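In this text, all values refer to a predicted model and were calculated from it rather than measured experimentally. Order of the sequence lines fixes the chain letters, A, B, ..., with proteins taken first and strands second; residue numbering starts at 1 for each chain. The basis for the numbers below is simple: all heavy atoms, side chains too, and nothing from hydrogens, waters or symmetry mates.
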Amino acid sequence: MISSSLGKRRRLGRLFRRPSGNSIVIALDHGLFMGSMTGIEQLPASVEALIGAAPDAIQVGPGAAEWITPLLDAHPQVSLVLRMDATNAWRRPVGQPATQTWVASAEDAVHYGADAAVVYLFGQPEAPQAEAENFRQVADMIRDCGRLGLPIMVEPLMLGGATRESDTDPVAVAMLTRIAYEMGADVLKIDPPLRSGAMDYDALRQICDSVPVPVLVRGGPKVKDESALLASMRQAVAAGSRGVVFGRNVWQAPNPAEAVLLLRDAVHGSRED
Amino acid sequence: MISSSLGKRRRLGRLFRRPSGNSIVIALDHGLFMGSMTGIEQLPASVEALIGAAPDAIQVGPGAAEWITPLLDAHPQVSLVLRMDATNAWRRPVGQPATQTWVASAEDAVHYGADAAVVYLFGQPEAPQAEAENFRQVADMIRDCGRLGLPIMVEPLMLGGATRESDTDPVAVAMLTRIAYEMGADVLKIDPPLRSGAMDYDALRQICDSVPVPVLVRGGPKVKDESALLASMRQAVAAGSRGVVFGRNVWQAPNPAEAVLLLRDAVHGSRED
Amino acid sequence: MISSSLGKRRRLGRLFRRPSGNSIVIALDHGLFMGSMTGIEQLPASVEALIGAAPDAIQVGPGAAEWITPLLDAHPQVSLVLRMDATNAWRRPVGQPATQTWVASAEDAVHYGADAAVVYLFGQPEAPQAEAENFRQVADMIRDCGRLGLPIMVEPLMLGGATRESDTDPVAVAMLTRIAYEMGADVLKIDPPLRSGAMDYDALRQICDSVPVPVLVRGGPKVKDESALLASMRQAVAAGSRGVVFGRNVWQAPNPAEAVLLLRDAVHGSRED
Amino acid sequence: MISSSLGKRRRLGRLFRRPSGNSIVIALDHGLFMGSMTGIEQLPASVEALIGAAPDAIQVGPGAAEWITPLLDAHPQVSLVLRMDATNAWRRPVGQPATQTWVASAEDAVHYGADAAVVYLFGQPEAPQAEAENFRQVADMIRDCGRLGLPIMVEPLMLGGATRESDTDPVAVAMLTRIAYEMGADVLKIDPPLRSGAMDYDALRQICDSVPVPVLVRGGPKVKDESALLASMRQAVAAGSRGVVFGRNVWQAPNPAEAVLLLRDAVHGSRED
Amino acid sequence: MISSSLGKRRRLGRLFRRPSGNSIVIALDHGLFMGSMTGIEQLPASVEALIGAAPDAIQVGPGAAEWITPLLDAHPQVSLVLRMDATNAWRRPVGQPATQTWVASAEDAVHYGADAAVVYLFGQPEAPQAEAENFRQVADMIRDCGRLGLPIMVEPLMLGGATRESDTDPVAVAMLTRIAYEMGADVLKIDPPLRSGAMDYDALRQICDSVPVPVLVRGGPKVKDESALLASMRQAVAAGSRGVVFGRNVWQAPNPAEAVLLLRDAVHGSRED
């Protein structure tokens, strides 16, 4: 049953930290899709290097949640966002449809003490059967999580265009974001809507306005110019987004803890807790 | 179990308002299929702008039902028709089959206090496996709703012809409407049967006569000539249809409340309640 | 469980009327497959026009059973044969496989007070996956009905040949009829085995001999020469068939009640009850 | 659960008759796959003509088990082997994959008092999805039967080669036989391994040695030279097979009872019981 | 539920023998995939020839576990690793996707007293639907085993490259190994990462470092130079792997027991227990 429950409100209250009500989620679930990467070879070390800087949440899959259990134990104020799905999306050959495979259930997420589940919603106009299977699975998971009062973060991703650029077109991002919300998402984690390679803040504002739930912006691949990225995030928050989900731009940074602190400044408006 | 139950009769009695026994359903579920649109960016505002004019029902999906909960709370006499399915039908590339994904169950609909569920039935002669999957799902949902005494509105849509025009041919509309009824639909929501682009009232009368349950006519895309549209709806009611399901022609109108009032005049034969 | 139960024997005893032990089933389920047709636009009127002539059974789907409930109430001695499946078989484009979709369960049929369920078994040599799906569904339904003591009538139809003629070839009809029986059918409803367009009575006799359960012969499309049709049915009964399932040849006849009475003469050997 | 249970041992003890411990199974399930055939038009007559000669078992499907119930009642010492699956294998067009459809469950087989269930395992290298579906179904059925202490006879059949000959090549037969055993088969019913059209007894011995459960040899199509066939079966038993499954070579013989008696001599080493 | 349970720890404690904490698993499950082979025609004899040399575990499928039950009874200190899946991976024609079929459930494995279950995880970039089906099945099995406290060994295998060589490329092996761990594997059994045909020990060390669970190295096809193989395994252990899974290189060796003893020397660092 999809319904605003006390459980959802309390868990979202932990994920979106007061007083700003915004959130910084550090995603370290890349190994589930693409195998190990520089910066997350030793997941406990990677988490240890940044968790002291108090991100609002750590996002990992089930195997990794076991791996970093001692760190999650030691930092109960940092939320766990459990990645529920494996996918070939990031490593499939051109032209192949993206698939989605559950690696955890809503019960698993609750068992781990997660404050939210996160799943992909793929827009695949050229592969309607794969899209429908994914939509079906996400709709079921939304309802499974709802029954347990567990917030579900849906990550709409267009995979239809000839290029990654056309998939981050504001029109494409806006469409799938609203669909995800109308299906019952509690939190949305979106691609930055781009125009000529730059974030379109007006489009972002419209997207954030088009749904009544928090919208987080994905960080995407590692960029060189960290201060530009931070400025961009600050503007994204000003445009209505409620925070960020960052991965490589944090744990491939020279100083991950400092990167988190800078994000806190951009997202929470202050380096104080 | 498909069976005329007390629950169905009471709920249909709310949806088809006395004394006319006809119904005006305002559909605002477009975001579930195509993302946001002009006129429904802020769903609560859109609903607020028209609900005072007392349409018989508001049709939305599960996420949206949460969004407009305060308005539904405040207007208990306006029925909720819950959209049960997401679909790629309105945004798929040419030649791709339409898919259907449940976003709500019969139990969800009852939980929300809906007076009816609404689902698509796609006639896809060129994509028989997709058609069969959709038929299977609809047949199951009809029986799920039946067990709970919840009326189900089935929306037959031909998706077979080379053009949208051939799909609204009276013969095509008539065939799928009767099939939907014979499968167990409680209410039918049909495309206006068109001949040379104009509604064929004789065909509509035959279609309405061919099933013993209420037939509602879809409004379709926004038209310019509002008064012609209203005249057409009036004739449709005269031909035996029991009302309309309108979307863009209401909430993209300059004055949505006025549009509803005009519809009440056309459908209920009076602006009085 | 497939097993000759008391329930099956009692229900078959109503369907195959004494003293002849034969049966006349009037099928009015065409709307479920092809939409409305001349003669069944108003199903209650169609049934009313013939039910007084005491056919042994009326065959309709679930929606239609609701529609004609008052007539079924008023004629408890006329059996209800519930059509369980929708199919695209009669309206699919050339070369597309036939699909089968349940629109009722064995429990539904018992709930409606049906004396038998009727389902299609499609022989589709060129579409083995569609054939296997259909066989699987039919085998499951046979067992579901068996558990409830509900007789199941299986309607074997070859859909493999280049033409409808090759599908009614005696060899094709004989093969699929025996397969259907060996799967557990309680009653068989077959295409008349044709040779050069005429019924092959020797072939029919062999087919009826090849299974230990009643075989009914389908009437097929409306024919002009009614007396030849009746003579043919009389010969079919003499060759071992236990009656007929007629549709258009009854309800498109100028006088449907008279058509039933003539059938009674041909099938039961007497116009008396 | 796969496990040597008391139930399996007792049922196998009836199927493999003492003192030889070998078995003669007469298969009359051909109608389930190919429709009626000369010799099994009237199944009760066919069974009656041979059952007095005391074969160890009769193999039929569920519909046929009903048909010959009185004979099975009268001969409780003759085991029933229930055919669980329908298949298009024997009638599919060249190049189409073989499918498998359950027509009975393990519970059905126990309900009928069967001493074993029999199922096909198709090796289809060129149709891996169809092969996997079949393997999945067989693995599940093995476990269903195991839970009820019901022995399961698996019939490995290669359907991969360009010709039926290449499918009965000793290497092909040996491979699939061992796979079937390793999946959990209790009895194997194999194609005679052929080399240049003649049974390869050395290969047969190796195959029988390669699994610790009884191996029965299929009779295959009707042959002319009955005495050569019997001599061949005698040699097959000498090479380690534990008996035969014969169909047409028995019930299309001029004297089926005599054919069974001759088989008893070949398989049990004596015409005495 | 995936969670480090007491049951997992105790079972892994038997599989990874003290004091080295490493493990030698002898796999004899080849017949399930490819039929009988030289060296495993008589499975009990094959096991008897080596079990006295005290390998840490014997890996077989369900049928074979029955076959060698007396030997497993007599050697309770040797763990049983139950092969859960049949596959066409080793015998499929070029270009066909690999399929996976369960032949045992987690309950079966526990019933047999296994200390671990072993399953394949196929990386199939060119066959995403087959890959997703396999991933789905493995994820479910991981959770089924987790609920019973049964360790699951996952065997990642790339099947994507044009050649077997490209599939054992260090990058490919590393990626799929980490994915398998992140899905929840308790033990990993990997292809030796090869560079120009030779094991790349640096790559192996990185792979072993990239997951916090034991990594075993597959032996692969029979090699001629036994002492080179042993030296290689010794280096593999030095590089961080926790032992080996060997098949043909043991049971096709002139003296399988001696082969196990040599492996003990390489893996456990001593021939003493």
Largest heavy-atom contact set with chain C, pairs under 4.5 Å, which of B:Ala180, B:Ala139, B:Pro212: B:Pro212
Turns out that what part of B:Val211 lies under 4.5 Å from chain C's heavy atoms comes down to backbone
Residues B:Glu131 and C:Arg91 bridged, charged N to O under 4.0 Å: yes
salt_bridge(C:Glu155, C:Arg83) N-O dist < 4.0 Å: yes
Side chain, backbone, both or neither of [X] within contact of chain B (heavy atoms, under 4.5 Å):
X        : value
C:Gln100 : backbone
C:Trp102 : backbone
C:Gln137 : side chain

Among B:Arg14, B:Arg10, B:Arg17, which one satisfies salt bridge (Lys or Arg N to Asp or Glu O under 4.0 Å) with B:Asp115? B:Arg14
Sequence neighbours excluded and cut-off under 3.5 Å, please list the side-chain donor-acceptor pairs for residues 35-45 of chain C, or say none.
residue : atom : partner  : partner atom : Å
C:Ser36 : OG   : B:Arg178 : NH1          : 3.1
C:Glu41 : OE1  : C:Gly39  : N            : 3.0
C:Gln42 : NE2  : B:Asp209 : O            : 2.1

In terms of heavy-atom pairs under 4.5 Å with chain B, which of C:Gly61, C:Pro93, C:Ala64 leads? C:Pro93
Donor-acceptor side-chain pairing of C:Thr69 and C:Tyr112 below 3.5 angstrom: no
